[in-house]
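Only one structure is covered here, and it is reproduced in the block below.
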Amino acid sequence: MSDPTSEKPKEPAPIAPKIGELFELAMTALINAPGGFARREARPVPGPGSSMLVAIAWGSLYLGLNLLHGAIANPALIQRFPPWQVGAIAFFGLSLWTALFLLGSSLVYGLGRALGSAGDFDRALLVTAITLTAAPVAGLCAWFPMAWVLPAVVAAWMLACGLSALFKTDPWAARGVCAVLAACVLALQYGAG
């Protein structure tokens with residue numbers, strides 16, 4: 001018979017991160033993407049609603065920063081429109097943002113599968129939501145003329161780290177694919193500018 005004092009107590013099963021932890025992960029991933037994602041890789045992925053909420057929060061902040069930038073740069077532009085039109089444009093912008101978030105999540109899911117992972121779509125939603133933390137950085141960088149390169153590079157690094165940690169893909173393959181994506185985005189930005 002086994003001695004009950006010698007048995008180790010069972011560790012509680014890991015739980016999915018709550019919404020506050022997801023925002024913490026997103027802010028940590030801006031500075032330390034490998035470490036931020038590594039702390040979450042052993043835990044279950046939160047439901048799609050949590051990832052969607054994080055993505056919409058970053059989209060709202062991004063649109064708000066751009067609206068503030070427009071209001072400061074050209075105050076008469078905002079004052080020409082009644083508040084209901086500004087609200088309708090904001091609603092349309094967030095709806096478009098949500099659609100692009102789902103499209104981006106599909107792209108991340110496809111990248112993860114193409115790189116040999118068996119990760120699920122909820123992981124793609126989480127990686128995309130965390131990567132979208134670079135959007136408010138892009139909104140801030142719009143205030144500085146030569147900082148337009150920074151958000152694409154940061155987003156590519158975060159995406160590569162998310163694919164490596166949460167999808168268990170080869171880190172160098174993920175970095176290579178994300179570097180090509182960043183180069184394409186930067187070329188489009190340069191061409192449009």
Side-chain angles (χ1 to χ4, degrees), residues 11-68 90-115 117-142 150-171 174-175 177-179 181-182 185:
E11 292 184 23
I15 59 170
K18 303 289 185 211
I19 194 75
E21 290 181 80
L22 293 180
F23 281 110
E24 178 192 346
L25 167 61
M27 297 305 292
T28 303
L30 272 175
I31 301 163
N32 181 13
F37 281 112
R39 287 187 294 171
R40 300 303 189 275
E41 68 181 307
R43 295 177 67 182
V45 177
S50 298
S51 298
M52 180 79 73
L53 188 61
V54 170
I56 290 173
W58 294 133
S60 300
L61 184 57
Y62 172 70
L63 293 173
L65 286 170
N66 284 329
L67 186 62
L68 179 65
F91 177 77
F92 175 74
L94 280 177
S95 299
L96 182 62
W97 178 270
T98 303
L100 290 174
F101 164 67
L102 293 173
L103 183 65
S105 298
S106 299
L107 175 67
V108 170
Y109 178 71
L111 279 175
R113 298 299 295 225
L115 292 172
S117 170
D120 56 5
F121 191 68
D122 286 349
R123 289 183 183 276
L125 288 170
L126 179 61
V127 170
T128 307
I130 300 304
T131 302
L132 287 177
T133 311
V137 174
L140 289 174
C141 288
L150 182 64
V153 173
V154 169
W157 176 246
M158 291 170 67
L159 179 59
C161 293
L163 285 170
S164 299
L166 296 182
F167 274 85
K168 306 285 191 234
T169 61
D170 178 49
R175 290 173 191 159
V177 168
C178 292
L181 287 174
V185 168

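For reference, positions follow the sequence shown, starting with 1.
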Nearest atoms (heavy-atom pairs only) where [X] meets [Y]:
X	Y	value
Ala165	Ala38	CB-N, 4.3 Å
Ala182	Ala156	CB-CB, 3.6 Å
Ala138	Pro151	CA-CG, 3.4 Å
Ala26	Met158	O-CE, 4.4 Å
Gly36	Leu25	O-CD1, 3.0 Å
Val45	Asp122	CG1-O, 3.5 Å

Which residues satisfy the ring-ring contact (aromatic ring centres under 6.0 Å, His included) test with [X], sequence neighbours excluded?
X	value
Phe167	none
Trp97	Tyr62
Phe101	none

Residue list, side chain to side chain contact (heavy atoms under 4.5 Å, CB included) with [X], at least two apart or on another chain:
X	result
Leu63	Leu94
Leu68	Ile72, Trp143
Leu102	Met52, Leu125

Please round to the nearest 0.5 Å and tell me the distance separating atom [atom1] of [X] and atom [atom2] of [Y].
X	Y	atom1	atom2	value
Thr28	Phe23	OG1	CZ	13.0 Å
Arg113	Thr169	CZ	OG1	13.0 Å
Leu111	Leu163	CG	CG	6.0 Å
Ile56	Leu61	CD1	CG	14.0 Å
Leu67	Ser60	CG	OG	12.0 Å

Review point. What pairs meet the side-chain hydrogen bond (donor to acceptor under 3.5 Å, both in side chains) rule with one or both residues in residues 46-55, with sequence neighbours excluded?
Key: none
Revision key, fill the gap. Quick note, side-chain hydrogen bond (donor to acceptor under 3.5 Å, both in side chains) partners involving residues 126-138, not counting sequence neighbours, are Trp58-Thr133, Ser105-Thr128
Point to revise | Pairs flagged by ring pair (Phe, Tyr, Trp, His ring centres under 6.0 Å) wherever residues 29-50 is involved - sequence neighbours left out | key: none
Practice item. Flag the pair Ser106 / Phe121 as yes when at least one side-chain heavy-atom distance between them is below 4.5 Å, and no otherwise. Key: yes
Check your understanding: Partners of Lys18 by salt bridge (Lys or Arg N to Asp or Glu O under 4.0 Å), sequence neighbours excluded?
Key -> none
Exercise for review: Report yes or no: does Arg123 contribute a side-chain atom to a donor-acceptor pair with the main-chain N or O of Leu166 at less than 3.5 Å?
Suggested key: yes
Practice item. Write out all pairs satisfying salt bridge (Lys or Arg N to Asp or Glu O under 4.0 Å) with one or both partners inside residues 151-171, taking only residues at least two apart or from two chains. Key: Glu41-Lys168
Review point. Got a sec, which pairs hit salt bridge (Lys or Arg N to Asp or Glu O under 4.0 Å) with one end in residues 24-35, sequence neighbours left out?
Key: none
